[in-house]
Amino acid sequence: MTTPYRAPVRDQRFILHDVLDLSQYGDLPGFADADADTVDAILEEGAKFCEGVLAPLSHIGDVEGCVRDMDGNVKTPAGFKDAFKQMSEGGWTALSSDPEYGGQGLPHVLNLAFNEMVSAANMAFGMYPGLTLGAAAALHTGGSDEQKRLYLPKMISCQWGGTMNLTEPHCGTDLGMLRTKAVPQADGSYKITGQKIWISSGEHDMAENIIHLVIARIEGAPDGVKGISLFVVPKFLPDADGNPGTRNTLKCGGLEEKMGIHGNATCVMDYDEATGWLVGEENKGLKIMFIMMNEARLGVGLQGYALAEAAYQQSLGFARDRLQGRSLTGPKNPDGPADPIIVHPDVRRMLMDQKSFVEGARCFALWTALQGDLEEKASDPNVREKAGDYMALLTPVVKGYLTGKGFDMVSNGLQIHGGSGFTEEWGASQLLRDARITLIYEGTNGIQALDLVGRKLAMNGMRPIMSFFAELDAFVAAGGGESEQVFIAAVADCKAKLEEATNWLVENGLKNFDNAGAASHDYLQLFGLTCLTYMWAKMAKVSAAKIAAGDSDPIYANKIKTGVYFIERWVPEGAMHLAKVKTGADAMMALSAEEF
């Protein structure tokens with residue numbers, strides 16, 4: 001009944017080759033191996049794997065879920081273990097990892113394109129390798145040479161899994177309240193005792209070992225976040241040959257009953273004097289863990305638009321087939337009892353919202369991932385600095401905006417299905433249930449907005465935001481052809497409103513911190529809208545040039561039509577968000593807690 005998932009390879013190729021022009025970075029490490037033919041081959045083969053192996057398991061994972069036995073072992077849904085093995089053996093988990101530890105060293109931006117396919121095809125499954133590689137990235141940055149040698153090759157290949165253990169029953173985002181303790185031992189190890197909750201992929205049967213990264217407080221450490229250290233705590237202690245040895249004293253104490261992502265094991269993890277080793281320096285663990293958290297936030301932003309893509313494909317298939325009513329301008333299916341619902345303007349509105357969001361979001365996510373590559377690999381220090389500024393500034397926007405709007409687009413998909421969408425057989429309800437977590441985990445979207453307003457705007461004397469404004473100004477000043485003018489004007493309009501909102505925050509947020517908090521949500525929405533508008537303008541410019549050069553590929557005309565819809569129907573929201581930013585906190589905070 002559902003429309004089979006098809007990876008958006010053509011659109012990804014358009015962004016990677018035409019918009020981002022990866023070929024211009026051929027002198028940088030990793031990019032030399034990512035010529036156009038290689039990129040296309042990876043996308044095509046990745047699409048086959050995701051469409052043929054992962055997508056058919058998504059419904060199975062939703063229905064079966066994970067099962068925990070009395071000993072704390074967890075069995076994943078049917079087919080997951082074999083798919084995980086195929087993914088590992090196919091080298092898909094190693095695309096952009098360090099070649100020194102078995103990775104292929106390809107650009108992160110290409111890896112993100114593949115991960116979009118994984119998340120859209122089977123989000124719950126994709127979390128297992130995603131968290132493993134995030135943990136590997138944290139160890140790669142903060143681990144000792146010995147730790148990297150021992151763990152990274154097997155984590156990069158996903159022979160071993162990985163997790164991130166932060167949250168505890170009494171504290172969520174406020175990690176300074178954590179109670180998990182670490183007691184130093186004479187041999188240099190630590191005994192870790194405590195309980196962590198909501199640990200995705202915390203226990204499963206797909207990897208021969210699971211490497212937990214756990215934050216804890218060493219006895220005598222300062223209170224609050226200043227006393228947090230990071231530890232690597234394996235499920236099985238590696239033996240002298242680096243193979244899984246003795247079972248550590250940790251286990252899954254229970255599985256969470258969740259709204260969605262049933263195929264992923266979300267665990268309560270109990271540590272009872274489990275053996276672990278310090279990663280990095282004492283009391284500096286949060287800084288290393290943020291490496292993993294920031295990677296995860298970009299990955300969650302990706303999930304937001306990937307599920308919107310899956311919902312769009314299902315919606316489009318349903319709208320083309322479902323017969324109901326007649327077109328307002330006359331029958332379009334005169335030989336049938338009714339017209340397909342795709343002829344109705346309100347259905348078109350929802351489909352166009354989905355399509356224009358997904359394509360803009362995809363370009364924004366890939367463009368941001370390219371900044372990560374440039375920060376790491378560019379030879380020019382100025383380029384690295386600017387790219388690093390963008391990564392810091394835009395991570396909360398990618399996470400917050402793409403998941404919030406992505407969920408709205410998935411909800412549109414259910415609405416297009418009508419009553420059918422509210423049943424389980426069509427798949428729209430699973431996408432909605434799965435997508436809802438993206439607004440919550442890895443820092444709720446409210447936390448992302450506070451991070452943007454409270455930390456990222458003021459970084460380095462506001463250098464990141466000023467650099468971004470300068471880039472938008474330069475784009476507008478460069479001008480363009482007749483078909484590009486509507487896009488250029490929209491970039492100028494959004495930039496002016498975002499700059500006005502920024503100036504208001506600078507002036508009023510410091511006077512009353514509640515003003516900053518009250519404005520944060522709408523400021524992030526305005527920022528995200530500006531970013532997608534800029535991406536649509538870049539895509540329109542490339543498309544117009546291709547058409548002018550005589551290229552008849554329909555993707556280019558389609559891009560301009562879809563982009564015009566985004567400009568006309570989305571950009572006006574910027575005025576609303578600016579007005580809300582400038583209302584301040586007075587009305588929001590007027591009622592006392594008792595008056596609610």
Side-chain angles (χ1 to χ4, degrees), residues 4-55 83-123 125-130 132-134 136-137 153 155-159 295 298-299 302-303 305-306 309-310 313 358-359 361-374 376-377 553 555:
Y5 171 70
R6 293 293 176 260
V9 172
R10 180 65 187 93
D11 200 51
Q12 291 181 336
R13 287 174 52 212
F14 164 73
I15 297 169
L16 295 175
H17 298 321
D18 296 338
V19 180
L20 301 182
D21 186 16
L22 295 189
S23 64
Q24 67 181 298
Y25 305 108
D27 61 329
L28 301 184
F31 284 87
D33 298 321
D35 59 87
D37 289 342
T38 300
V39 168
D40 291 348
I42 288 173
L43 294 178
E44 292 290 348
E45 291 303 312
K48 291 177 185 177
F49 175 73
C50 293
E51 294 168 0
V53 177
L54 298 188
F84 196 78
K85 182 179 179 182
Q86 289 186 54
M87 191 175 192
S88 172
E89 292 179 347
W92 294 111
T93 63
L95 283 177
S96 62
S97 297
D98 189 343
E100 184 177 349
Y101 302 103
Q104 299 176 40
L106 291 167
H108 297 298
V109 62
L110 179 57
N111 188 53
L112 186 136
F114 171 70
N115 284 337
E116 179 201 331
M117 302 180 197
V118 173
S119 291
N122 193 330
M123 174 180 164
F125 176 91
M127 293 169 65
Y128 292 102
T132 299
L133 296 174
M155 293 177 73
I156 287 170
S157 69
C158 279
Q159 183 178 346
E295 285 219 355
L298 293 173
L302 176 151
Q303 290 174 340
Y305 81 82
E309 167 69 38
Q313 292 188 21
V358 167
E359 293 180 15
R362 177 177 296 120
C363 190
F364 178 40
L366 291 171
W367 179 78
T368 304
L370 177 60
Q371 307 309 310
D373 280 309
L374 296 177
E376 178 184 334
K377 299 174 180 178
D553 190 326
I555 191 174

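When reading the values below, keep in mind they use all heavy atoms of this one structure, side chains included, and skip hydrogens, waters and symmetry mates.
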>> Applying side-chain contact (heavy atoms from CB on, under 4.5 Å), can you list everything that pairs with T368, at least two apart in sequence or on another chain?
In response: L298, F364, M391, L394, V398
> Within the distance-only criterion (no hydrogens, no angle test), does the side chain of N115 pair as donor or acceptor with the backbone N or O of G299 below 3.5 angstrom?
Replying inline: no
>> Quick check: closest heavy atoms across V19 and C363, and the distance to 0.1 Å?
In response: CG1-SG, 4.0 Å
>> Run the side chain to side chain donor-acceptor pair (under 3.5 Å) test against D21 and tell me which residues pass, sequence neighbours left out.
In response: S23
Using a 3.5 Å cut-off and no angle test, enumerate the donor-acceptor pairs between side-chain atoms of residues 84-92 and protein atoms at least two apart in sequence or in another chain.
| from | atom 1 | to | atom 2 | distance (Å) |
| --- | --- | --- | --- | --- |
| Q86 | NE2 | D82 | OD2 | 2.8 |
| S88 | OG | S157 | O | 2.4 |

> Mind checking what makes side chain to side chain donor-acceptor pair (under 3.5 Å) contact with D33, not counting sequence neighbours?
Replying inline: none
> Between atom CG of L28 and atom CD of E376, what is the distance when rounded to the nearest 0.5 Å?
Replying inline: 10.5 Å
>> Donor-acceptor check, side chain of T93 to backbone of I156, threshold 3.5 angstrom: yes or no?
In response: yes
>> Using the rule given for side-chain contact (heavy atoms from CB on, under 4.5 Å), can you reason through L20 versus Y25, listing the C-alpha separation, both sets of side-chain angles and the distance that settles it, and then say yes or no?
In response: CA-CA 10 Å; L20 301 182; Y25 305 108; 5.8 Å; no
> Looking at M155 and T132, what are the two nearest heavy atoms and their distance?
Replying inline: O-CG2, 3.4 Å
>> Would you say that P8 contacts E116 through its side chain, given a criterion of any heavy-atom pair below 4.5 Å between the two side chains?
In response: yes
> Can you check side-chain contact (heavy atoms from CB on, under 4.5 Å) on E359 and I15, steps first, answer last?
Replying inline: CA-CA 9 Å; E359 293 180 15; I15 297 169; over 6 Å; no
>> Could you work out, with side-chain contact (heavy atoms from CB on, under 4.5 Å) as the rule, every residue matching E295, not counting sequence neighbours?
In response: A137
> Mind checking whether L370 and L22 have side chains closer than 4.5 Å, heavy atoms only?
Replying inline: yes
>> Can a donor-acceptor pair be found, under 3.5 Å and without considering hydrogens, that links the side chain of Q303 to the backbone of S119?
In response: no
>> Suppose we screen for ring-ring contact (aromatic ring centres under 6.0 Å, His included). Which residues come up paired with F125, at least two apart in sequence or across chains?
In response: F80
> What's the spacing between L374 CG and F31 CZ if we round to 0.5 Å?
Replying inline: 6.0 Å
>> Could you measure the distance from the SG atom of C158 to the CG atom of L133? Nearest 0.5 Å is fine.
In response: 5.0 Å
>> Quick check: closest heavy atoms across A83 and V53, and the distance to 0.1 Å?
In response: CB-CG1, 3.8 Å
>> Test: side-chain hydrogen bond (donor to acceptor under 3.5 Å, both in side chains). Region: residues 97-107. Which pairs qualify, not counting sequence neighbours?
In response: D98-H140
>> The criterion is side-chain contact (heavy atoms from CB on, under 4.5 Å); which residues satisfy it with A121, sequence neighbours excluded?
In response: Y5, C50, L54, A55
> With sequence neighbours left out, what residues match D553 under salt bridge (Lys or Arg N to Asp or Glu O under 4.0 Å)?
Replying inline: R10
>> To check you understand the geometry: which heavy-atom pair defines the closest contact between P4 and Q313, and what is its length?
In response: O-OE1, 3.8 Å
>> Among residues at least two apart in sequence or on other chains, which ones pass side chain to side chain donor-acceptor pair (under 3.5 Å) with D18?
In response: Y556
Kindly list each side-chain donor-acceptor pair under 3.5 angstrom involving residues 39-47, sequence neighbours excluded, with atom names and distances?
| from | atom 1 | to | atom 2 | distance (Å) |
| --- | --- | --- | --- | --- |
| D40 | OD1 | R13 | NE | 3.4 |
| D40 | OD1 | H17 | NE2 | 2.7 |
| E45 | OE2 | K48 | NZ | 3.1 |

> With sequence neighbours left out, what residues match E51 under side chain to side chain donor-acceptor pair (under 3.5 Å)?
Replying inline: none
> Minimum heavy-atom separation for A306 to A120, with atom names?
Replying inline: O-CB, 3.4 Å
